[in-house]
Amino acid sequence: LDGQELYEAYHLKDYDNALSMVPTSALSRLDLTTGAFPASYGDRMGAILDMSTVIPSQPRRFRFSVSVLDAQVETAGQRGERLSWLVSGRRGATDLAGRLFGEEDPGYWDLFAKVGDQLTPGQSVRGNGLHSADRLGFEEVKNGELRRLDTEYDSSYLWLTHQAVLSDALFVDTALSTSRIDRD
């Protein structure tokens with residue numbers, strides 16, 4: 001996502017990774033490579049999904065949406081010619097649509113933020129952050145035996161990139177990132 005490798009990039013992990021933790025409204029491009037990977041992708045064997053987020057071009061935009069699976073709030077915009085931002089937060093509604101899952105109670109939410117500054121015509125800096133959380137609670141009594149399942153999954157990514165065009169033949173792309181994945 002915007003140059004950052006995501007690990008376990010899905011919600012509802014107990015349901016075969018049913019949903020992406022990256023909101024589709026924030027995406028401008030998806031490239032799927034299913035074989036013959038270039039060296040820049042390292043030791044990958046299956047497939048690569050390269051995602052790029054939108055670069056806001058309007059002064060300011062606010063969006064609120066509700067669907068069967070989630071509710072989302074998003075703001076994006078541009079201030080002057082240099083500064084741009086995109087912030088998107090979603091809360092899953094699967095726990096509210098309980099009949100689909102029976103006694104199970106899955107829930108999830110995520111937050112994505114991106115701020116960019118065009119320092120000069122040939123130089124830019126961008127900061128990105130992505131956090132997602134999933135919870136599932138399930139309890140069942142069968143033949144006098146209690147069966148209980150409680151799972152929690154948290155993923156956090158924070159990355160800063162600097163891009164500079166130094167000449168017609170020299171482009172420098174620098175990235176600093178940290179990731180944290182928690183399972184319980």
Is the number of heavy atoms from other residues, nucleotides or ligands under 6.0 Å of R29 CZ greater than 12? yes

Look up atom CG in D70 and atom OG in S65, then write down how far apart they are to the nearest 0.5 Å. 6.5 Å

Using every non-hydrogen atom in the two residues, find where Y108 and L19 come nearest and quote the distance to one decimal. OH-CD1, 3.2 Å

Might you work through the side-chain contact (heavy atoms from CB on, under 4.5 Å) test for T75 and L86, ending with a clear yes or no? CA-CA 6 Å; T75 182; L86 170 66; over 6 Å; no

For a quick check under 3.5 Å, do R63 and S25 share a side-chain donor-acceptor pair by atom type? yes

Checking side-chain contact (heavy atoms from CB on, under 4.5 Å) for the pair L6/L130: CA distance, chi angles, key distance, verdict? CA-CA 10 Å; L6 301 181; L130 175 63; 4.0 Å; yes

Decide whether D184 and Y153 meet the rule of one side-chain donor and one side-chain acceptor closer than 3.5 Å. no

Is there a chain of hydrophobic side chains (I, L, V, M, F, W, Y, each step under 4.5 Å between heavy atoms) that links L166 to L119? no

More than 12 foreign heavy atoms under 6.0 Å from CG of D16: is that the case here? no

Can you give me every donor-acceptor pair (side chain of residues 167-174, partner residue at least two apart or in another chain, under 3.5 Å) with its distance?
| from | atom 1 | to | atom 2 | distance (Å) |
| --- | --- | --- | --- | --- |
| S167 | OG | A169 | N | 3.3 |
| S167 | OG | L170 | N | 3.2 |

Looking only at heavy atoms, the pair that brings D2 and W159 closest together is O-NE1, 3.4 Å

CZ of R90 to CZ of F112: how many Å apart, nearest 0.5 Å? 11.5 Å

In terms of side-chain geometry, is the basic nitrogen of E74 or R61 positioned less than 4.0 Å from the acidic oxygen of its partner? yes

Minimum heavy-atom separation for L111 to G89, with atom names? CD1-CA, 4.1 Å

Rounded to the nearest 0.5 angstrom, the CG-OG distance for L158 and S156 is 9.0 Å

Does the side-chain contact (heavy atoms from CB on, under 4.5 Å) test come out yes or no for L83 and V115, once each step is laid out? CA-CA 7 Å; L83 186 66; V115 177; 3.9 Å; yes

Suppose we screen for ring-ring contact (aromatic ring centres under 6.0 Å, His included). Which residues come up paired with W109, at least two apart in sequence or across chains? H131

In Å and rounded to the nearest 0.5 Å, what is the OG to NZ distance from S132 to K13? 5.0 Å

Can you hop from I55 to V87 via hydrophobic side chains spaced under 4.5 Å? no

Rounded to the nearest 0.5 Å, what separation is found between the CD atom of Q163 and the OG1 atom of T161? 5.5 Å

In one Ile/Leu/Val/Met/Phe/Trp/Tyr side-chain cluster, 4.5 Å: L49, Y7: yes

Given side-chain contact (heavy atoms from CB on, under 4.5 Å), test V22 with Y10 step by step and report yes or no. CA-CA 8 Å; V22 179; Y10 300 97; over 6 Å; no

With no hydrogens and no angle check, do the side chains of Q72 and S88 hold a donor and an acceptor under 3.5 Å apart? yes

Identify the two heavy atoms, one from P106 and one from L136, that lie closest to each other, and give their separation to 0.1 Å. N-CD1, 3.7 Å

Determine the minimum heavy-atom distance between D134 and L12, stating which atoms define it. OD2-N, 2.6 Å

Where at least one partner belongs to residues 112-127, residue pairs that pass side chain to side chain donor-acceptor pair (under 3.5 Å), sequence neighbours excluded: T53-K114, R82-D117, Q123-H162, R126-N128

Within-4.5 Å side-chain heavy-atom neighbours: H11 and S20: no

Same apolar cluster: L146 and L149, side chain cutoff 4.5 Å: no

For residues P56 and G77, report the shortest heavy-atom separation together with the two atoms involved. CB-O, 3.4 Å

Pairing donors with acceptors under 3.5 angstrom, does anything connect the side chains of Q4 and S177? yes

Are L30 and Y157 in one and the same hydrophobic cluster, where Ile, Leu, Val, Met, Phe, Trp and Tyr link if side-chain heavy atoms are under 4.5 Å apart? yes

